S.K.: 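One structure follows; several queries about it will come next.
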Amino acid sequence: MTDSDVAQTGAFIRDDEIAQALADGAQAEPARVRDILAKARELKGVSLEEAAALSTISDPELCRELFESARVVKERIYGSRIVLFAPLYISNLCNNECLYCAFRASNRELERRALSRAEIIREVEALVDQGHKRVLMVAGERYPGEGIDYVLDSIDAIYSVKRGGGEIRRVNVNVAPLSVEQFRELKAARIGTFQLFQETYDRKVYAEVHRGGPKRNYDFRVTAMDRAMAAGIDDVGIGALFGLADWRFELLAMMQHIHHLEARFGVGPHTISMPRIEPACGSQMASSPPNAVGDDDFRKIVAILRLAVPYTGLILSTRESAELRRELIELGVSQISAMSRVNPGGYTEREDEQAAQFHIGDHRSMEEIVVDLMAMGHIPSFCTGCYRMGRTGQDFMDLARPGDIQRHCDPNGLSTFLEYLVDYASPQTRARGEQLIAEKIAAMDPLRRSISQALINRVNAGERDAYV
Ligand code: SAM
Ligand code: SF4
């Protein structure tokens with residue numbers, strides 16, 4: 001498939017359909033809302049119209065039932081696992097003019113740099129030494145050298161780091177949209193998920209906030225996942241930057257994007273991100289977003305997405321505070337970043353607000369986050385098994401749908417958590433973690449128990465990267 005064989009425009013984002021769904025949804029009676037929630041609790045997802053109805057509820061009792069339904073779905077599919085990753089900012093050079101972002105080309109307040117291969121390796125060593133196994137590599141849209149060579153070389157640098165049993169086993173990438181040919185190169189570099197946020201699906205707002213550079217092209221961005229999937233990248237991650245346009249519109253447009261990918265490729269995105277705009281150096285808009293989303297509405301966004309696409313990972317970054325992250329994990333978030341730095345060089349040098357993309361809300365160390373998750377009864381998972389076993393895209397969804405994925409995810413979550421405890425945690429954290437692992441295994445059905453125990457035994461015997 002070439003560029004010309006895939007969608008060229010974002011015609012699949014239908015403003016009229018969204019407006020109609022919202023108008024109809026606002027009329028939904030409580031009984032209708034309860035029917036939708038009952039269907040969603042059976043893991044059947046919800047339609048665009050049903051999501052619109054859920055997005056317009058304001059009655060406190062119905063909101064409570066919405067959150068409770070999201071908790072049920074989260075628990076049934078993801079159990080107590082929560083996947084951890086760290087962002088790795090390799091460069092803040094950029095040609096674009098996104099009004100909300102500190103990296104935009106005309107921002108003179110920012111110190112610019114693109115990390116060298118040696119600097120990237122040092123950063124990765126620092127992450128590996130904390131126990132990280134997954135990174136999300138992030139860059140502005142201007143690369144030193146030819147084409148995307150800098151991006152490809154940086155991925156190679158990340159995978160090259162080996163520290164005893166420690167290494168990065170999955171590199172997800174968040175960089176500007178590419179051509180089909182370039183996406184093929186990215187796939188050959190063994191990326192995990194290709195992640196890209198549309199920022200806003202509202203064309204008018206999009207034009208207002210993207211003032212210069214290639215990113216002004218809405219259609220090229222919204223069709224990026226078509227090109228990525230056409231190039232053979234199975235796992236893609238979509239998202240919207242909440243605060244730019246009306247959140248209900250963004251939510252429904254994301255669903256249209258998902259339906260389009262499902263219709264075209266038989267499978268939707270692997271993950272969804274829902275960043276909210278945070279203050280950023282040199283950006284007035286970031287301090288007073290035009291459509292700021294409050295915490296109450298943000299909880300609804302997470303809960304509705306959990307119900308709408310039960311098998312799609314929901315990612316939350318350290319943009320949010322520790323307290324809110326705790327709540328949102330219960331409501332449906334399945335992956336969180338930990339100990340993030342959003343300036344290039346932030347893990348080995350200083351955390352530098354003058355070079356950072358935005359202000360972060362959760363400054364806790366990896367171990368503090370692990371301890372907190374354990375206190376909530378969660379298993380911090382460092383698993384990267386699925387994509388290395390080829391369980392990506394359609395194969396992943398086929399497995400995930402009947403709940404089978406838990407046969408893999410639960411044991412792999414426990415074994416990678418044990419690796420973390422043995423190799424990186426303090427003695428107290430290790431003792432508490434081992435006790436939690438024993439409790440989780442005791443509560444499993446016999447099949448998962450025997451698979452899990454076998455993996456745990458292998459890790460305890462010194463094997464690393466043991467997964468099924
Ligand atoms: N340059 C690429 C792009 O724009 O797609 C990828 C990297 S960009 C640093 C990653 C994401 O950061 C953007 O897609 C945007 O959603 C988010 N972002 C930018 N400014 C932000 C802010 N002030 N607060 C929160 N997130 C922000
Ligand atoms: Fe550049 Fe991305 Fe920031 Fe826009 S959001 S200025 S493209 S780094």
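The residues of the chain are indexed from 1 along the displayed sequence. Treat the numbers as computed from the prediction; the structure is a model and nothing was measured. Read the numbers this way: they start at 1 and go in the same order the structure lists the ligands and their atoms.
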S.K.: For a distance under 2.8 Å, tell me if Cys101 has an N/O/S atom near atom 3 (Fe) of ligand 2.
M.R.: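 So Cys101 does bind atom 3 (Fe) of ligand 2 by this criterion.
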S.K.: Between Lys204 and Asp15 (salt bridge meaning N to carboxylate O under 4.0 Å), is one present in this structure?
M.R.: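 Salt bridge absent between Lys204 and Asp15.
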S.K.: For the pair Phe417 and Tyr420, name the ring-plane relationship: parallel under 30°, tilted 30 to 60°, perpendicular over 60°.
M.R.: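 Correct class here is parallel.
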S.K.: What are the atoms of ligand 1, with element, lying closer than 4.0 Å to any heavy atom of Val138?
M.R.: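 Counting atoms of ligand 1 from 1, those under 4.0 Å from Val138 are 7 (C), 9 (C).
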S.K.: Could you tell me whether Arg163 and Asp423 have a side-chain N and a carboxylate O separated by less than 4.0 Å?
M.R.: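 No, no charged N to carboxylate O under 4.0 Å.
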S.K.: For Ile277, counting its heavy atoms only, list the atoms of ligand 1 lying under 4.0 Å from any of them.
M.R.: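 Counting atoms of ligand 1 from 1, those under 4.0 Å from Ile277 are 24 (N), 25 (C).
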S.K.: Regarding Glu419 and Arg169, does a basic nitrogen lie under 4.0 Å from an acidic carboxylate oxygen?
M.R.: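 Result for this pair is yes, salt bridge flagged.
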S.K.: Quick one: are Ile336 and Ile369 in side-chain contact, heavy atoms under 4.5 Å?
M.R.: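 They are in side-chain contact.
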S.K.: Report, in ascending order of atom number, the atoms of ligand 2 lying under 4.0 Å from any heavy atom of Phe103.
M.R.: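 Here the atoms of ligand 2 in question are 3 (Fe), 6 (S), 8 (S).
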S.K.: Below a 4.0 angstrom heavy-atom separation, can you tell me which part of Leu241, side chain or backbone, both or neither, approaches ligand 1?
M.R.: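 Looking at Leu241 and ligand 1, just side chain atoms fall under 4.0 Å.
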S.K.: Consider ligand 1: state whether an atom of it lies below 4.0 angstrom from any non-hydrogen atom of Ala139.
M.R.: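 Ala139 counts as a contact of ligand 1 under the 4.0 Å cut-off.
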S.K.: Quick one: look at His210 and ligand 2, take heavy-atom pairs under 4.0 Å, and tell me if it's side chain, backbone, both or neither.
M.R.: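 It is neither; nothing of His210 touches ligand 2.
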S.K.: Run the salt-bridge test on Lys44 and Glu50 with the 4.0 Å N-O cut-off and return the result as yes or no.
M.R.: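 No salt bridge links Lys44 with Glu50.
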S.K.: Output the list of atoms in ligand 1 that are nearer than 4.0 Å to some heavy atom of Leu196, sorted by atom number.
M.R.: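 Those of ligand 1 that fall under 4.0 Å from Leu196 are 5 (O).
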S.K.: Could you list which atoms of ligand 1 come closer than 4.0 Å to a heavy atom of Cys101?
M.R.: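 Under 4.0 Å from Cys101, ligand 1 has these atoms: 19 (C), 20 (N).
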S.K.: Quick check: does Cys98 put an N/O/S atom under 2.8 Å from atom 1 (Fe) of ligand 2?
M.R.: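 Within the cut-off used here (under 2.8 Å), Cys98 places no N, O or S atom near atom 1 (Fe) of ligand 2.
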S.K.: Quick check on contacts: which atoms of ligand 1 are under 4.0 angstrom from a heavy atom of Ala280?
M.R.: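 Taking each heavy atom of Ala280 in turn, ligand 1 has 23 (N) under 4.0 Å.
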S.K.: Less than 4.0 Å between a side-chain N and a carboxylate O, is that true for Glu199 and Arg221?
M.R.: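 The answer is yes: the pair qualifies as a salt bridge.
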S.K.: Within ligand 2, which atoms have a heavy atom of Arg104 less than 4.0 Å away?
M.R.: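 That gives atoms 6 (S) of ligand 2.
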S.K.: Of the listed options (Glu199, Met285, Gln195), which comes nearest to atom 14 (O) of ligand 1 when hydrogens are ignored and any heavy atom counts?
M.R.: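 Looking at heavy atoms only, Glu199 sits closest to atom 14 (O) of ligand 1.
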S.K.: Evaluate the side-chain proximity of Ser55 to Leu22: yes if any heavy-atom separation is below 4.5 Å, no if none is.
M.R.: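 Counting from C-beta outward, Leu22 and Ser55 do come under 4.5 Å.
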S.K.: Would you verify whether the NZ or CZ of Arg227 falls within 45 degrees of the ring axis of Phe220 while also being under 6.0 Å from that six-membered ring's centre?
M.R.: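 Yes, Arg227 and Phe220 form such a contact.
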S.K.: Which atoms of ligand 1 have any heavy atom of Gly140 under 4.0 Å away?
M.R.: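 Ligand 1 atoms under the 4.0 Å threshold to Gly140: 1 (N).
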S.K.: So, are Arg71 and Glu68 salt-bridged, with charged N and O less than 4.0 Å apart?
M.R.: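 Salt bridge flag = yes for Glu68 with Arg71.
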S.K.: Closer than 4.0 Å to some heavy atom of Lys215 - which atoms of ligand 2 meet that?
M.R.: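 Answer, ordered by atom number: 2 (Fe), 4 (Fe), 5 (S), 7 (S).
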S.K.: Need the ligand 1 atom indices (1-based, order shown) with element for anything under 4.0 Å from a heavy-atom of Lys215.
M.R.: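 Counting atoms of ligand 1 from 1, those under 4.0 Å from Lys215 are 3 (C), 4 (O).
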S.K.: Numbering the atoms of ligand 2 from 1, which are under 4.0 Å from a heavy atom of Cys94?
M.R.: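 Numbered from 1, ligand 2 contributes 1 (Fe), 6 (S), 7 (S), 8 (S).
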S.K.: Which atoms of ligand 2 sit under 4.0 Å from any heavy atom of Gly140?
M.R.: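 Contacts of ligand 2 toward Gly140, numbered from 1: 8 (S).
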S.K.: Between His257 and Phe12, is the ring centroid distance below 6.0 Å?
M.R.: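 That pair passes the under 6.0 Å test.
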S.K.: Salt-bridged, Lys133 to Asp465, with N to O below 4.0 Å?
M.R.: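 No, this pair does not count.
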S.K.: Heavy-atom pairs closer than 4.0 Å: do any link ligand 1 to the side chain of Arg221, the backbone, both, or neither?
M.R.: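 Within the 4.0 Å criterion, Arg221 contacts ligand 1 through side-chain atoms alone.
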